[in-house]
Amino acid sequence: MRIRQVERHEWEKLRALRLQALLESPDAFGSLHEQEVNLPADEWQWWVSGEGGIRPGVATTFVADRGGDFEGMATGAIFNVEPELAHLFGMWVRPEAREHGVGLRLVEAVAGWAREHGARELDLRVSDDSSAATRLYGRAGFRSMGERPPLRKASRLTCTVMVRRLD
Ligand SMILES: CC(C)(COP(=O)(O)OP(=O)(O)OC[C@H]1O[C@@H](n2cnc3c(N)ncnc32)[C@H](O)[C@@H]1OP(=O)(O)O)[C@@H](O)C(=O)NCCC(=O)NCCS
């Protein structure tokens with residue numbers, strides 16, 4: 001299993017993985033399958049490089065690649081308005097690949113990328129419905145900021161904002 005950055009030409013495989021994540025774990029993310037399934041092709045480039053996003057900045061997605069099959073993903077983004085704060089999201093590992101340390105390796109890959117891009121902190125929002133993810137982030141050094149906003153607009157689900165220092 002290799003953790004690596006996804007490449008531009010692989011956007012369709014990345015799209016398929018992300019849509020599968022939204023279907024398999026609908027209460028883990030701030031977005032829904034129905035909101036992303038019809039996104040135009042060029043919007044998927046954002047996940048690769050940050051190009052074409054509403055907020056200017058850089059982004060990348062790390063995938064867990066097993067012989068060409070993508071088994072997990074995690075995305076990092078840094079927006080120009082706040083260059084010292086990176087964001088981690090879209091973290092998902094296929095159910096059959098879980099509990100082998102892939103999630104932790106994906107987090108560390110995004111943290112390393114963020115550090116190299118000058119960020120000093122990495123934040124995320126974890127669904128309060130996802131205890132596996134909350135435990136993973138705690139082990140990876142993230143601490144709760146005490147904020148519990150709704151996971152999605154008008155949702156009964158909440159999430160917890162967590163932050164980790166990168167230096
Ligand atoms: C959260 C998620 C990404 C974790 O992925 P993962 O690959 O299972 O993560 P890890 O393997 O690094 O850690 C998970 C557990 O496996 C354990 N583990 C890791 N390697 C292991 C090994 N070789 N043998 C046994 N257990 C192992 C870890 O200690 C951890 O245990 P814990 O939960 O009791 O603390 C995954 O469960 C997932 O995709 N969930 C649904 C989507 C989601 O919630 N995403 C987060 C959005 S914010």
Side-chain angles (χ1 to χ4, degrees), residues 1-6 10 13-37 39 44 46-48 50 53 55 57 59-79 85-115 119 121-166:
M1 173 84 70
R2 196 158 69 93
I3 305 294
R4 65 169 178 87
Q5 278 170 285
V6 76
E10 296 174 307
K13 267 172 85 172
L14 179 62
R15 172 183 183 273
L17 189 75
R18 168 69 177 169
L19 293 178
Q20 201 176 340
L22 292 169
L23 283 178
E24 190 279 330
S25 302
D27 289 338
F29 302 108
S31 181
L32 294 166
H33 182 272
E34 68 211 47
Q35 293 172 297
E36 297 194 13
V37 68
L39 288 180
W44 290 98
W46 183 86
W47 294 78
V48 179
R55 292 197 277 170
T60 191
T61 296
F62 285 87
V63 289
D65 179 341
R66 186 189 294 276
D69 292 331
F70 291 175
E71 304 220 319
M73 63 178 284
T75 300
I78 303 172
F79 300 111
L85 178 63
H87 310 279
L88 167 68
F89 55 92
M91 176 77 180
W92 184 74
V93 174
R94 284 188 197 283
E96 59 275 21
R98 288 178 192 163
E99 302 198 350
H100 290 92
V102 176
L104 189 60
R105 287 174 66 193
L106 286 165
V107 171
E108 291 307 329
V110 172
W113 172 88
R115 204 179 286 116
E121 286 188 319
L122 181 61
D123 80 355
L124 58 84
R125 288 172 176 227
V126 58
S127 167
D128 293 321
D129 203 56
S130 185
S131 55
T134 303
R135 277 199 309 275
L136 167 61
Y137 296 137
R139 268 190 292 118
F142 288 84
R143 295 292 166 256
S144 167
M145 298 301 287
E147 294 168 54
R148 299 186 98 179
L151 178 66
R152 294 183 282 261
K153 222 174 178 180
S155 173
R156 66 174 174 82
L157 298 167
T158 56
C159 60
T160 295
V161 179
M162 300 182 90
V163 178
R164 162 179 163 175
R165 287 205 61 80
L166 293 171

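Atoms within a ligand are numbered from 1 in the order they appear, just like the ligands themselves.
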- Note on the structure: Among D27, L136, L151, the residue with a heavy atom nearest to atom 2 (C) of ligand 1 is L136
- Closest non-hydrogen protein atom to atom 32 (P) of ligand 1, residue and atom name please, with distance? R135 NE, 3.3 Å
- State plainly whether the residues R143 and E121 are in salt-bridge range, i.e. N to O under 4.0 Å. no
- Is the closest N or O pair between V93 and ligand 1 shorter than 3.5 Å? yes
- Message: Testing the basics here: between S155 and L157, what is the closest heavy-atom pair and its distance to 0.1 Å?
- Response: OG-N, 3.0 Å
- Tell me: protein heavy atom nearest atom 41 (C) of ligand 1, and distance? S25 OG, 3.4 Å
- Message: Tell me the protein heavy atom at minimum distance from atom 37 (O) of ligand 1, and give that distance in Å.
- Response: R98 CD, 3.3 Å
- Message: I want to know if ligand 1 touches E24 in the polar sense, i.e. an N/O pair below 3.5 angstrom.
- Response: no
- Note on the structure: Checking heavy atoms under 4.0 Å, the part of A28 that sits near ligand 1 is both
- On a heavy-atom basis, the closest approach of M162 and F142 is CE-O, 3.7 Å
- In the protein, what heavy atom is nearest to atom 3 (C) of ligand 1, and what distance, to one decimal place, separates them? M91 CE, 3.6 Å
- Query: For ligand 1, is there an N or O atom under 3.5 Å from any N or O atom of G101?
  - Reply: yes
- Message: Within the structure, is a non-hydrogen atom of Y137 found at a distance of less than 4.0 Å from ligand 1?
- Response: yes
- Query: If you measure from each non-hydrogen atom of A133 to ligand 1, which part falls under 4.0 Å: side chain, backbone, both or neither?
  - Reply: both
- Item | Ion pair check, R66 and E96, cut-off under 4.0 Å | no
- Quick one: does L104 get an N or O within less than 3.5 Å of an N or O on ligand 1? yes
- Query: Please state which protein non-hydrogen atom is closest to atom 25 (C) of ligand 1 and give its distance, to 0.1 Å?
  - Reply: E99 O, 3.7 Å
- Matching residue for V126 among L136, V161, T160 - test: side-chain contact (heavy atoms from CB on, under 4.5 Å): T160
- Quick one: look up the protein heavy atom nearest atom 44 (O) of ligand 1 and list residue, atom name and how far away it is. S130 OG, 2.7 Å
- Task: Indicate yes or no: at least one non-hydrogen side-chain atom of R18 is less than 4.5 angstrom from one of F70.
- Result: no
- protein heavy-atom neighbour closest to atom 31 (O) of ligand 1 works out as R139 NH2, 3.8 Å
- Message: Which residue and atom name correspond to the protein heavy atom nearest atom 7 (O) of ligand 1, and how close is it?
- Response: G103 N, 2.8 Å
- Do the ring planes of W46 and F79 sit parallel (below 30°), tilted (30 to 60°) or perpendicular (above 60°)? parallel
- Item | Within-4.5 Å side-chain heavy-atom neighbours: F29 and R125 | no
- Task: Report yes if the side chains of H100 and M1 come closer than 4.5 Å at any heavy-atom pair, otherwise no.
- Result: no
- Query: Between CG of L88 and CG of D123, what distance do you get to the nearest 0.5 Å?
  - Reply: 8.5 Å
- With only distance considered, is A132 within less than 3.5 Å of ligand 1 through an N or O on each side? no
- Check each of Q20, E24, E71 against R94 using the side-chain hydrogen bond (donor to acceptor under 3.5 Å, both in side chains) test, and report the only one that passes. Q20
- Taking the non-hydrogen atoms of R125, is any one of them nearer than 4.0 angstrom to ligand 1? yes
